[in-house]
Amino acid sequence: MARGELPEKYDTDGVPVGFERMIRQRLKAFLSDKSNRRLVVHHSRNSYTGLERIQASDTRSGSMTRDEADRQSAGEHVARLADRQKDAKIVTKDGEDVAYVLRNVLRESKPNVGSRGGRNHNAGTEARAEGPQTPVGEDNMHRLVIGLLNEWGSTSKRAPSASVRDHRYRNETPSEWEAARDMDLSFLTRYLGMTREQGHHDEKWTVKTAADTIKTSRDVDYIRAFLGQIAAFWTAVGVTMETLQPQAMNLFQETFDRHRRSNVLADWINHSWLFFMSIVLVSNRRVAPHFDASDPLHGWAASTPFGSYTGGDLFFIDLDLRVALKPGDLLVFRSALLRHSVLPFTGSRHSLVAFTHEHLMVHTGIPVKDRAPFLAATTGEDPTWPIRDLESLKDRRLWDSSERLRERKEANRREEARRQQERAAAIAAKQAWSGKEEATGRPDCASKKRKTQK
Ligand SMILES: O=C(O)CCC(=O)C(=O)O
Ligand SMILES: [Fe+2]
């Protein structure tokens, strides 16, 4: 199907007839081509097959921090590799697939915004996205989002305050802030679907209303329309997961179904392939290296960037792998296991990231700790760089934070003990003083009076 041409027929999910078949075919070819995998397999930490070592990896023994390396990697060392790595398709570590990249998926799709039905049909919810039939692709996803943000009642061009700022954005420089603020769009991370979260902390049921993004019913209309118009995204993610990680997908689907009655995404859109609980729209923001620690350790998230930008590649810092993600490409990856960041970019870059937080799975009794279903579809072959290393990185980070917490508690305890000692000493001193007063038969107040009389 040529780009820019409107197809005539749509399936019940609102994607062009043939779109799903196209993705299936692509995935089949993808799996049968062993060279896809060889592209990014590491043979050891220091030598690679089909992947050149990049500057950032030198920091393992050097003094530069990973963040500095990430910044520096925006420079010539990484740029040099852009062409070579742009076809990377599967990242494999110790036989566990950790990321899939499908090229150009969303460029070839066009939504039918008025359709209904599908596997996940949600009886009782008749609301469907309204809007013009437009191709969703490199240009149109962008256009849709600009429309969405410009119309969005709560769109703000102000920087979020430090307390709201997410550690994932700690590498944004002030000039990046300025540049983004001056663009036509807001510079925000918007949670579109994760508007109700259950059982987040301490087994309490909490409701998260995404108050920062959804202020009016008009906002809801726009968001709902937008989510309906990205039908192709849901289809691409679903078909990819079903083909490459069916067992993991079943766990996500089960979670989605068990939360259906309180699930905002299920309430708003009606799509066969919907199984992630939440989606976030990241507008003109650049994440620092991070794990999405709330996602299941071996779980998956799906992301697609769009807009009009140069740079902005995804960088898997622990793999020393840079993937040039272009608008319309689809990345499906183990977001809690793989540290990732977005390299500097110019222009406007948006990304949609779909995910399910682990607690939502745990809460509904999904056996998240059982890794088997998550690893069932392993296709990798080269077990020389143990996946354990990635796990321990995450564990260490968690350990770090629990250790910090313990240290803070300990410091508080010491401080409290010191204060108590001080108080006790003060009381003892006072008692000693009043004891003296009593011995001489003079009440305390009298002595004070005497002092002032002096
Ligand atoms: O913008 C991206 O492509 C990635 C965003 C991301 O990693 C996140 O929101 O956690
Ligand atoms: Fe992330």
Side-chain angles (χ1 to χ4, degrees), residues 59-71 158-174 177 189 191 194 196-212 287-297 336 339 357-363 368-369 388-454:
T59 62
R60 286 209 174 100
S61 52
S63 57
M64 209 178 2
T65 66
R66 287 257 163 107
D67 285 359
E68 284 161 351
D70 181 48
R71 253 171 252 147
R158 268 186 301 134
S161 68
S163 62
V164 190
R165 287 193 69 178
D166 188 313
H167 75 278
R168 285 176 303 182
Y169 304 112
R170 66 185 181 272
N171 68 344
E172 282 169 347
T173 61
W177 268 96
T189 303
Y191 289 89
M194 199 175 63
R196 288 185 211 173
E197 282 212 323
Q198 294 159 352
H200 199 351
H201 294 297
D202 309 324
E203 293 301 304
K204 272 188 217 137
W205 284 66
T206 55
V207 177
K208 220 178 174 175
T209 54
D212 54 333
V287 292
H290 69 282
F291 305 96
D292 290 298
S294 303
D295 296 350
L297 182 57
R339 269 206 299 179
H357 278 173
E358 183 179 276
H359 70 89
L360 290 171
M361 304 184 100
V362 171
H363 193 82
V368 174
K369 296 290 176 237
R388 278 264 144 235
D389 287 4
L390 285 174
E391 282 187 8
S392 64
L393 264 176
K394 184 177 159 160
D395 290 348
R396 195 175 64 229
R397 199 188 58 92
L398 292 175
W399 183 84
D400 280 352
S401 64
S402 63
E403 191 62 7
R404 269 200 305 277
L405 192 71
R406 203 184 59 72
E407 275 172 12
R408 217 169 40 235
K409 278 188 179 159
E410 182 59 23
N412 288 347
R413 201 192 54 72
R414 277 199 302 269
E415 175 64 14
E416 185 52 32
R418 194 186 59 75
R419 284 202 196 128
Q420 262 179 17
Q421 250 174 13
E422 264 179 21
R423 276 199 295 271
I427 288 168
K430 202 170 160 190
Q431 278 171 350
W433 172 252
S434 60
K436 250 195 260 168
E437 297 275 300
E438 270 161 32
T440 53
R442 285 184 307 222
D444 208 27
C445 55
S447 75
K448 266 185 199 149
K449 261 185 210 151
R450 255 200 325 278
K451 268 185 203 160
T452 52
Q453 278 164 7
K454 267 187 198 165

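Remember, it's a predicted structure, so these values are computed and weren't measured experimentally.
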How long is the straight-line distance from CZ of R423 back to NZ of K430, given to the nearest 0.5 Å? 13.5 Å
Please check if the number of heavy atoms outside Q421 that lie under 6.0 Å from its CD is greater than 12. no
Point-to-point distance, once rounded to the nearest 0.5 Å, from CG of D292 to CD of E358: 12.5 Å
What one should report as the nearest heavy-atom pair of P296 and A336 is O-CB, 3.4 Å
Salt-bridge contact R418-E415 (side-chain N to carboxylate O under 4.0 Å): yes
